[in-house]
Asker: 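Below is one structure. I have some questions about it.
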Amino acid sequence: MLKFENDKGAITISNDVFTWLAGDAATRCFGVKGMAGPKKENGLVMLLRKESMTKGVRVYSLGDAIDIELHIVVDHGLNLVAVTDSIRKEVRYKVSEITGVKVGRVDVNIDSIVMD
């Protein structure tokens with residue numbers, strides 16, 4: 001949660017806002033099937049529905065900035081470096097543009113690849 005104060009008042013932005021924005025931006029990128037849920041004991045990864053995409057996102061507050069960690073599932077046969085670069089740029093842009101908060105690191109973890 002980040003809180004900003006000035007002479008006109010205070011604004012508090014919940015981590016839920018950041019996680020929803022980051023999850024939404026990531027899932028709109030080409031090649032992303034969805035967010036990855038927590039791993040089960042058997043090592044399998046769950047592909048989360050659109051309503052649960054925030055569970056694949058972690059946000060870390062760093063003073064007046066944030067770092068974001070994403071866990072995603074991608075399509076088979078794609079250039080993973082290009083996909084993750086696209087996700088980083090889109091998430092950083094969308095979160096900072098909407099909230100006005102500086103985004104430091106955006107770590108993208110590919111937890112699974114889906115073959116259609």
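Sequence positions, counted from 1, serve as the residue numbers for this chain. Worth knowing before you read on, the calculation uses all heavy atoms, side chains too, and leaves out hydrogens, waters and symmetry mates.
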Asker: Out of Val108, Leu21, Val91, Thr19, which residue meets the side chain to side chain contact (heavy atoms under 4.5 Å, CB included) rule with Ile68?
Answerer: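 The residue from Val108, Leu21, Val91, Thr19 that satisfies side chain to side chain contact (heavy atoms under 4.5 Å, CB included) with Ile68 turns out to be Val91.
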Asker: Does Arg58 reach the main-chain N or O of Glu69 with its side chain, forming a donor-acceptor pair under 3.5 Å?
Answerer: no
Asker: Considering all heavy atoms of both residues, which atom of Ser96 and which atom of Tyr93 are nearest to each other, and what is their separation?
Answerer: OG-O, 3.3 Å
Asker: Could you report the tightest heavy-atom contact between Leu2 and Gly63, atom names first, then the distance?
Answerer: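 So the two residues come closest at CD2-O, 3.0 Å.
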Asker: Compare every heavy atom of Gly31 with every heavy atom of Leu78, then report the nearest pair and how far apart it is.
Answerer: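 Taking Leu78 first and Gly31 second, the nearest heavy atoms are CD1-CA, 3.3 Å.
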Asker: Could you tell me if the side chain of Ile66 sits less than 4.5 Å from the side chain of Tyr60, heavy atoms only?
Answerer: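 Tyr60 does not reach Ile66 side chain to side chain.
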Asker: Side chain to side chain contact (heavy atoms under 4.5 Å, CB included) with Asp67: which of Val103, Val59, Leu62?
Answerer: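 Of the listed residues Val103, Val59, Leu62, the side chain to side chain contact (heavy atoms under 4.5 Å, CB included) partner of Asp67 is Leu62.
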Asker: Would you indicate whether Asn79, at its atom CG, is surrounded by more than 12 heavy atoms from other residues, nucleotides or ligands within a distance under 6.0 Å?
Answerer: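 Yes, the 6.0 Å shell around CG holds more than 12 heavy atoms from other groups.
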Asker: Which distance, rounded to the nearest 0.5 Å, do you find between the CG of Asp64 and the NZ of Lys3?
Answerer: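 Answer for the CG-NZ pair, Asp64 versus Lys3, is 15.5 Å.
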Asker: State whether the side chain of Thr84 and the backbone N or O of Leu80 hold a donor-acceptor pair below 3.5 Å, judged by distance alone.
Answerer: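 Confirmed, Thr84 side chain pairs with Leu80 backbone.
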Asker: Going from SG on Cys29 to CZ on Arg88, what distance comes out if it is rounded to the nearest 0.5 angstrom?
Answerer: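 Those atoms lie 11.5 Å apart.
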Asker: Using a strict threshold of under 4.0 Å (side-chain N to carboxylate O), is an ion pair present between Asp75 and Lys33?
Answerer: yes
Asker: Is Asn15 close to Ser61 at the side-chain level, that is, under 4.5 Å between some pair of heavy atoms?
Answerer: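 When only atoms from C-beta onward are counted, Asn15 and Ser61 do touch, with a gap below 4.5 Å.
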Asker: Looking at Leu70, is its backbone amide N or carbonyl O close enough to the side chain of Asn109 to form a donor-acceptor pair, meaning the two atoms are under 3.5 Å apart?
Answerer: yes
Asker: So with a 6.0 Å cut-off around CD1 of Ile11, is the heavy-atom count from everything else above 12?
Answerer: no
Asker: Quick check: closest heavy atoms across Thr27 and Val32, and the distance to 0.1 Å?
Answerer: CA-CG1, 4.0 Å
Asker: For a quick test of reading the model, state the closest non-hydrogen atom pair linking Val83 to Phe30 and the distance between them.
Answerer: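 So the two residues come closest at CG1-O, 4.0 Å.
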Asker: Could you check whether any side-chain heavy atom of Glu90 comes within less than 4.5 Å of a side-chain heavy atom of Arg92, counting everything from C-beta outward?
Answerer: no
Asker: Begin from the C-alpha positions of Val57 and Met35 and carry the test side-chain contact (heavy atoms from CB on, under 4.5 Å) through to its verdict.
Answerer: CA-CA 8 Å; Val57 182; Met35 303 306 292; 3.6 Å; yes
Asker: Please determine if Asp24 and Arg28 form a salt bridge, counting it only when a charged side-chain N lies under 4.0 Å from a carboxylate O.
Answerer: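 Yes, this pair counts.
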Asker: Which pair of non-hydrogen atoms, one from Ala65 and one from Val101, has the smallest distance, and what is that distance?
Answerer: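 Reported closest heavy-atom pair: CA-CG1, 4.2 Å.
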Asker: Side-chain contact test, heavy atoms from C-beta onward, threshold under 4.5 Å: evaluate it for Ile87 versus Asp85 and give yes or no.
Answerer: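 Counting from C-beta outward, Ile87 and Asp85 never come under 4.5 Å.
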